[in-house]
Amino acid sequence: RDGSDQQNATLVYDLQRANAVPRTHVLAGTLYGGEGDDRPLTVTLVRDTCANDEGEHAWRAEIAIDGGTVLRGCADVAT
């Protein structure tokens, strides 16, 4: 969260998976790690009201890194 642990990633829009569920956008790609520790990465955005400590947001977000913890939360997405 403080920016000291940044990694690079490449994501592309996955039209096939996005079309499988209405109001959903899926980005798939690779999270690049050091020493060749690259891992598959999927970001899923669902147009559905989501509330957190900062208030209400229009999108739910999920970030899944292969072999890691799935992160879930709310998002604001420019459309």
Side-chain angles (χ1 to χ4, degrees):
R1 293 180 186 263
D2 63 6
S4 64
D5 213 16
Q6 294 181 5
Q7 289 181 282
N8 292 321
T10 300
L11 294 166
V12 295
Y13 193 77
D14 189 329
L15 188 59
Q16 184 176 358
R17 285 197 280 179
N19 283 339
V21 180
R23 303 164 50 112
T24 300
H25 299 284
V26 180
L27 301 147
T30 303
L31 177 67
Y32 302 109
E35 309 290 324
D37 185 28
D38 300 346
R39 295 184 283 167
L41 168 69
T42 304
V43 176
T44 304
L45 300 168
V46 178
R47 179 92 168 151
D48 189 24
T49 303
C50 181
N52 63 14
D53 292 341
E54 297 172 354
E56 192 171 285
H57 305 270
W59 296 84
R60 285 186 295 114
E62 178 180 287
I63 301 171
I65 302 168
D66 191 41
T69 302
V70 176
L71 305 173
R72 292 181 179 89
C74 301
D76 293 312
V77 178
T79 56

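Because the structure is predicted, anything quoted here is derived from the model rather than measured. Side-chain atoms are counted along with the backbone in the values below, which use heavy atoms only and exclude waters and symmetry mates.
Taking CD from E54 and CG from D76, the interatomic distance works out to 8.5 Å, rounded to the nearest 0.5 Å. Here the straight-line distance linking atom CG of D66 with atom CG of L31 works out to 10.5 Å at 0.5 Å rounding. Atom OG1 of T30 is separated from atom CD of Q7 by 12.0 Å, given to the nearest 0.5 angstrom. Distance check: T24 OG1 to D14 CG gives 12.0 Å after rounding to the nearest 0.5 Å. Here the CG-CH2 distance, from L45 to W59, works out to 6.5 Å after rounding to the nearest 0.5 Å.
A heavy-atom distance below 4.5 Å is not found between the side chains of V77 and H25.
Other residues, nucleotides and ligands place more than 12 heavy atoms under 6.0 Å from the CG atom of N52.
Residues L71 and L11 share a single hydrophobic cluster, defined by chaining ILVMFWY side chains whose heavy atoms lie under 4.5 Å apart. Linking Ile, Leu, Val, Met, Phe, Trp and Tyr whenever their side-chain heavy atoms come within less than 4.5 Å puts I65 and V43 in one cluster.
Applying side chain to side chain contact (heavy atoms under 4.5 Å, CB included) to I63 and the options V70, L41, T44, L27 leaves one that passes, L41.
Counting all heavy atoms, side chain and backbone alike, A75 lies closest to A61 at CB-CB, 4.0 Å.
Proximity of a side-chain donor or acceptor of R47 to a complementary backbone N or O of R23 within less than 3.5 Å is not detected.
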